[in-house]
Amino acid sequence: MSGIECRSIRVEAGGKRLLDDISLAFAKGTLTGLVGPNGAGKSTLLRVLAGYRRADAGQVLWQGRDLADWSAAERGAAGGYLPQQLEPAWNYSVEEVVALGASRSATPRPVAELLVEHGLSELAARRWSALSGGERARTMLAATVAPRPGIILADEPGASLDIRHRLDLAHRLRALAETAVLVVIMHDLDLAARFCDRIVLLDAGRVVADAAAQSVISDPELERVFNIRLQRQALERDRDWLIGLSA
Ligand SMILES: Nc1ncnc2c1ncn2[C@@H]1O[C@H](COP(=O)(O)OP(=O)(O)OP(=O)(O)O)[C@@H](O)[C@H]1O
């Protein structure tokens, strides 16, 4: 199978259970949003799925093979993991960061082409220390997806982006999901509802809802875990939702 899967994952730290009996499967062609309140365990789960954090119990499989049996090089070629924050060890330029990402492929794509594709050409020579948070996030996304990995795990890639770039990102993620397994942590429920096929809702280390995006957006569990009231309004197409907070 080309997807990824985790079975009965349990993670504990500091005397606390961060993930409790999580079993999920993710297939190519589906954009999955991982949603939940601060501290729900989203980043921990993504790190476990990416192989950057070992679970205390359970198993992760990539393409049907236990992730523990994959070498770091194999993992790097097959999957792209975009952490919430990343500081390169050196003060690379945008062009160099993207080139490093592209070099994970056996047949790297031309960097100039990648820079154009991600709207980064004008920033090509700019050093990391002179980039804004959003520019860094866009550079890291370009580097992560440059080798066209079959598995993409992204931790809030839109967090520091303005609304224009957030929409661009959502369209980009949709396009990438055509050919890759894509799991993305999202805090923006509106974008998650509009662009994801599936939403997995986590709360206190457990999966509390896992269904088609529209169905999770209508699930009362969503309001319960965030302790808010949501106003939902369907737009022209079935999958378009506008979500606002209600008093
Ligand atoms: N090493 C650790 N020791 C103790 N607690 C930890 C450790 N790592 C994470 N945690 C706790 O585990 C919980 C889950 O953290 P995680 O980063 O996975 O949450 P999250 O859903 O991604 O949150 P956010 O939306 O704030 O990014 C949090 O309460 C966090 O404080």
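One-based numbering, in listed order, for ligands and for the atoms of each.
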Check your understanding: Do the charged groups of Arg65 and Glu74 touch, with an N to O distance under 4.0 Å?
Key -> yes
Atoms of ligand 1 under 4.0 Å from any heavy atom of Gln84, numbered from 1 in the order shown, are 27 (O)
of all protein heavy atoms, closest to atom 17 (O) of ligand 1 is Ser43 CB, 3.7 Å
Closest non-hydrogen atoms of Thr139 and Leu131, given as atom of the first, atom of the second and distance, are OG1-CD1, 4.2 Å
Paired with Ile152, the side-chain contact (heavy atoms from CB on, under 4.5 Å) test is passed by just one of Thr179, Val145, Leu31, namely Val145
| query | Under 4.0 Å between a Lys/Arg side-chain N and an Asp/Glu carboxylate O for Arg126 and Glu95? | reply | no
In ligand 1, the atoms that come under 4.0 Å of a heavy atom of Lys16 are 13 (C), 28 (C), 29 (O)
Checklist line | Asp197 and Thr30: side chain donor to acceptor below 3.5 Å | finding: no
What one should report as the nearest heavy-atom pair of Ile4 and Ile151 is CG2-CD1, 3.4 Å
re atom 15 (O) of ligand 1, the protein heavy-atom contact at minimum distance is Thr44 OG1, 3.8 Å
- Check whether any heavy atom of Pro37 sits under 4.0 Å from an atom of ligand 1. yes
Note to self: Are any of the N/O atoms on Glu156, whether in the backbone or the side chain, positioned under 3.5 angstrom from an N/O atom of ligand 1?
What the structure shows: no
Heavy-atom contact check, 4.0 Å cutoff: does Arg47 meet ligand 1? no
In ligand 1, the atoms that come under 4.0 Å of a heavy atom of His187 are 25 (O)
among protein heavy atoms, the one nearest atom 25 (O) of ligand 1 is Lys42 NZ, 2.8 Å
*asked:* Using a 3.5 Å cut-off on N or O atoms only, is Gly36 in polar contact with ligand 1?
replied: no
Of all protein heavy atoms, the one nearest atom 12 (O) of ligand 1 is Leu18 CD2, 3.1 Å
Indicate yes or no: does Asp188 engage Arg166 in a salt bridge with an N to O separation below 4.0 Å. yes
Close N or O approach (Gly41, ligand 1; < 3.5 Å)
yes
Can a protein heavy atom be found under 4.0 Å away from atom 31 (O) of ligand 1?
no
Of Gly205, Ala159, Gly39, Ala204, the one whose closest heavy atom lies nearest atom 28 (C) of ligand 1 is Gly39
Are there over 12 heavy-atom neighbours, none belonging to Arg206, within less than 6.0 Å of that residue's CZ?
no
Any heavy atom of Asn38 under 4.0 Å from ligand 1? The part involved is both
Query - Residues Leu202, Val35; criterion side-chain contact (heavy atoms from CB on, under 4.5 Å); working and verdict - result: CA-CA 6 Å; Leu202 273 188; Val35 167; over 6 Å; no
- Item | Polar side chain donor-acceptor pair, Asp168 to His165, under 3.5 angstrom | no
Under 3.5 Å between some N or O of ligand 1 and some N or O of Ala13? no
